[in-house]
Amino acid sequence: MQLIDTHSHLYDPTFADDIDNVIDHATQCGVGTIILPAIDSTTHDAQHTLCNKYPQIFKQMIGVHPTSIKDSYAHELAVVENILATDHHKYIAIGEIGLDYYWDTTYSSQQCLALEQQLHWANLYHKPVCLHIRNAYSEMFKILNRYNVEAKGVFHCFSGTLDEAWRAVEMGYMIGVGGVVTFKKATLAAIVKDIPLDMIVLETDSPYLAPTPFRGKRNESAYCKIVAEKIAEIKNITLQEVAATTTKNAKRLFKLQ
Ligand SMILES: [Zn+2]
């Protein structure tokens with residue numbers, strides 16, 4: 001069984017002391033490929049170090065996270081622009097990028113500008129996008145209707161409604177499903193039941209959003225298997241089918257071998 005964790009921040013300092021064990025545990029659970037989304041210039045070094053140390057496990061993205069869009073966002077974008085200009089072949093996607101109106105709306109217009117700039121780069125370098133969206137689905141759809149990303153992408157850690165999930169799927173975007181699907185009150189389970197497995201990719205968003213029974217604890221890529229088991233239960237299919245199809249989906253989206 002082969003699983004792909006399409007979204008994991010394993011370069012986070014909370015993994016510094018036991019990263020080898022975390023990778024071993026993931027591999028034992030079938031998670032042989034882990035995709036690292038970027039946050040901003042403060043995390044690039046840690047991300048690159050991890051990627052260089054375990055090139056057979058990790059693939060990486062580059063982009064500026066919406067919560068990092070503040071007064072100095074022009075600088076953050078310039079850093080990414082320079083990296084792409086010289087090293088775009090090292091990155092499989094632009095991410096994570098998007099709109100987050102949950103924590104703070106002070107910079108919402110700057111978030112839109114930064115998103116549009118990065119969608120433009122996705123097309124310039126023929127990359128898919130990893131979209132982070134909180135409390136901003138209608139604005140996101142408006143922008144995606146104006147900027148058609150040719151290689152499409154994923155609505156990471158999907159938290160919208162069933163209608164919004166279908167809207168994303170009909171536009172050709174994958175739905176990223178993680179630990180939230182195991183939570184008791186999760187509306188995500190009903191969404192996962194309804195949308196086709198062909199449009200779902202697995203993710204953990206480690207170290208955040210650990211699935212039940214580890215909720216509230218540090219998440220890790222091995223728990224991708226728990227997410228896959230939950231999807232199998234919801235859709236009443238085998239774990240093997242979930243693994244095979246979601247892995248095929250991730251390979252198709254991110255053009256992995
Ligand atoms: Zn993330």
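Indexing begins at 1, ligand by ligand and atom by atom, following the structure's order. Every heavy atom of this structure was used, including side-chain atoms; hydrogens, water molecules and symmetry mates were not.
Take H88 and apply the ring-ring contact (aromatic ring centres under 6.0 Å, His included) test, not counting sequence neighbours, and it matches Y125.
Distances shorter than 2.8 Å separate the Zn ion (ligand 1) from the protein N/O/S atoms H7 NE2, H9 NE2, E96 OE2, D205 OD1.
Atom CG of N145 has more than 12 neighbouring heavy atoms from other residues, nucleotides or ligands inside a 6.0 Å radius.
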Compile the donor-acceptor pairs under 3.5 Å between side chains in residues 90-99 and protein atoms, sequence neighbours left out, one pair per line.
{"from": "Y91", "atom 1": "OH", "to": "H48", "atom 2": "NE2", "distance (Å)": "2.8"}
{"from": "E96", "atom 1": "OE1", "to": "H65", "atom 2": "NE2", "distance (Å)": "3.3"}
{"from": "E96", "atom 1": "OE1", "to": "H132", "atom 2": "ND1", "distance (Å)": "3.2"}
{"from": "E96", "atom 1": "OE1", "to": "H156", "atom 2": "NE2", "distance (Å)": "3.2"}
{"from": "E96", "atom 1": "OE2", "to": "H7", "atom 2": "NE2", "distance (Å)": "2.9"}
{"from": "E96", "atom 1": "OE2", "to": "H9", "atom 2": "NE2", "distance (Å)": "3.0"}

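With hydrogens and angles disregarded, no donor-acceptor distance shorter than 3.5 Å links the side chain of T212 to the backbone of R215. Put simply, the side chain of N249 gets close to the backbone of T245: a donor and an acceptor are under 3.5 Å apart.
Residue pairs meeting the side-chain hydrogen bond (donor to acceptor under 3.5 Å, both in side chains) criterion with at least one partner in residues 101-112, sequence neighbours excluded, are D71-Y107, D104-T106.
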